[in-house]
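Contents: one structure, followed by commentary.
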Amino acid sequence: MNAFRLLSMAAAALVTAACSNEQGEPETPKANEPTAMRFAATIGAPAGNDATRTEYDESSKGRIYVAWTIGDEVALIHNGVKDVVKVETVDDKGYATIAGNITTGTNGEDVALVYPAAAVDANGSGTAFTPNTDYARKALTQTGTLDYIASNLDARQGSGTMAVSGSSATLSNNVAMPSQIAVWKLMPNVAATRLTVMSGGTPVAATATIAATNTIYLALPPLADASLKIDVVSGSETYTFSKEGVTLEAGKYYRSAVDMTVAGHNKIEIVEVGINDWTEGTTIDGGQAM
């Protein structure tokens, strides 16, 4: 928001200065002052397991729905510059028009798009950027709800090519903004109050103390052949589960049932849920009830 406002104010001041000076004569912008151009483009992704926003309707087979909101801020990174544009309209298919003033670009320039804009802390050259550390920290203070994920950890990324015509710019190709997280529905058979998920020796997701519940939703980063360890706190007890060779893909939805009452049980089964195979009441891993 601040970056967008500052850029807009700078653009307005530049136009005013270019129109007249104290003597009423035109002025030319100084060479070292960035100029601005108007940018507008359409982005989106179809509903499905590779969609953009982490909102679910389990009565409709666990589908992940696109749900851009007007005013959402998207970082547009090009030529080492981070600009911020906003979602101005959303059509009935979930595609969003993003628009705003950006630092002048060139035709054919590579562009990176990141949502939310606040997830990008800094950028380097070209389309490189650095994730915001505060944004990453929120993964370790989750509340176990979809609302928390949608409000704090819904990350999307896309790339494209800039098309410039005069003082306006758009994207020369269609750009999808797929989710950069996997969502995991964990269903222990006892009420959990806190949990931590470790990939190797690194915590990748954790909840703060939550109201005791048998259903917990977590946002996890993509994992490839990882060693996953889950510590679940329920009352005065702590249960530890582990699974080797875990692969979680960004934009996918997974679910697991955990039976904490079986002595010596230390395995957790992680099942990917597709759009067409969401069925409550089924069983996995030899009889762990879903």
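All values derive from a computational prediction rather than experimental measurement.
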_Quick check for you: to the nearest 0.5 Å, what is the distance between K243 atom NZ and S227 atom OG?_
11.0 Å
_Sidechain-backbone polar pair: K82 side chain, V120 backbone, donor-acceptor under 3.5 Å_ = yes
*Within-4.5 Å side-chain heavy-atom neighbours: T106 and V164*: no
*Point-to-point distance, once rounded to the nearest 0.5 Å, from CD1 of I181 to CG of L220*: 8.5 Å
*Is the backbone N or O of D134 less than 3.5 Å from a side-chain atom of N132, with the two atoms forming a donor-acceptor pair by type?*
yes
*Could you state the interatomic distance from CD1 (I102) to CZ (R38), rounded to the nearest 0.5 Å?*
10.0 Å
*Does L113 reach the side chain of I98, with side-chain heavy atoms less than 4.5 Å apart?*
yes
*Closest non-hydrogen atom pair between G126 and I77, with its separation*: O-CG2, 4.0 Å
*Under 3.5 Å, is there a donor-acceptor pair linking the side chains of D83 and T103?*
yes
_Atom of L195, atom of V232 and distance for their closest heavy-atom approach_ = CB-CA, 4.1 Å
*asked:* If hydrophobic clusters are built by linking Ile, Leu, Val, Met, Phe, Trp and Tyr wherever their side-chain heavy atoms come under 4.5 Å apart, do V74 and M162 end up in the same one?
replied: yes
*Contact check, side chains of F39 and S168, non-hydrogen atoms, under 4.5 Å*: no
*Under 4.5 Å between side-chain heavy atoms, hopping through other hydrophobics if needed: is there a path connecting F241 to L186?*
yes
*Would you find a donor on one side and an acceptor on the other, under 3.5 Å apart, between the side chain of Y135 and the backbone of L153?*
yes
*asked:* Determine whether T215 and K185 satisfy the following criterion, side-chain contact (heavy atoms from CB on, under 4.5 Å), listing intermediate values before the conclusion.
replied: CA-CA 7 Å; T215 302; K185 180 182 180 181; 3.7 Å; yes
*What's the shortest heavy-atom distance between S159 and V175, and which atoms?*
O-CG2, 3.4 Å
*Looking only at heavy atoms, what is the nearest atom pair of E249 and A182, with distance?*
O-CB, 3.5 Å
*Would V183 and Y254 count as a side-chain contact (heavy atoms from CB on, under 4.5 Å) if you check the C-alpha gap in whole Å, the side-chain angles of each, and the deciding distance to 0.1 Å?*
CA-CA 6 Å; V183 176; Y254 301 84; over 6 Å; no
*May I ask you to test the Q157-F129 pair for a side-chain heavy-atom distance under 4.5 Å?*
yes
*Side chain N152, main chain I149, donor-acceptor under 3.5 Å*: no
*Out of curiosity, I230 CD1 to S256 OG, how far, rounded to the nearest 0.5 Å?*
7.5 Å
*Charged N to carboxylate O under 4.0 angstrom, R194 versus E237?*
no
*Examine distances only and state if a side-chain atom of Q142 and a backbone atom of A219 form a donor-acceptor pair shorter than 3.5 Å.*
yes
*Please examine the side chains of Y115 and D154, heavy atoms only from C-beta on, and report whether any two atoms are closer than 4.5 Å.*
yes
*Rounded to the nearest 0.5 Å, how far does CG of N107 lie from OG of S172?*
7.5 Å
_Between T170 and A163 (side chain of the first, backbone of the second, donor and acceptor by atom type, cut-off under 3.5 Å), is there such a pair?_
no
*asked:* Using the rule that Ile, Leu, Val, Met, Phe, Trp and Tyr join whenever any side-chain heavy atoms are under 4.5 Å apart, tell me whether V233 and M187 fall into a single cluster.
replied: no
*Atom CG of N174: over 12 foreign heavy atoms under 6.0 Å*: no
*When rounded to the nearest 0.5 angstrom, what distance separates CE in M37 from OG in S167?*
7.0 Å
*Passes side chain to side chain donor-acceptor pair (under 3.5 Å), T89 versus T97? Steps please.*
CA-CA 5 Å; T89 62; T97 298; 3.2 Å; yes
_Whether D121 side chain and P131 backbone form a donor-acceptor pair below 3.5 Å_ = no
*What are the two closest heavy atoms between T161 and N173, and how far apart are they?*
N-OD1, 3.1 Å
*What are the two closest non-hydrogen atoms of Y95 and T42, and how far apart are they?*
CB-CG2, 4.0 Å
*Below 4.5 Å, heavy atoms only, C-beta onward: do V246 and D225 meet side chain to side chain?*
no
*Indicate whether any N or O donor in one side chain lies under 3.5 Å from an N or O acceptor in the other, for D231 and T240.*
yes
*Tell me whether I70 is reachable from M177 by hopping between hydrophobic residues (I, L, V, M, F, W, Y) whose side-chain heavy atoms are closer than 4.5 Å.*
yes
*Return yes if a side-chain donor-acceptor contact under 3.5 Å exists between T145 and T143, otherwise no.*
yes
*asked:* Let me check something: do M198 and Y239 share a hydrophobic cluster, defined by ILVMFWY side-chain heavy atoms less than 4.5 Å apart, either directly or through other members?
replied: no
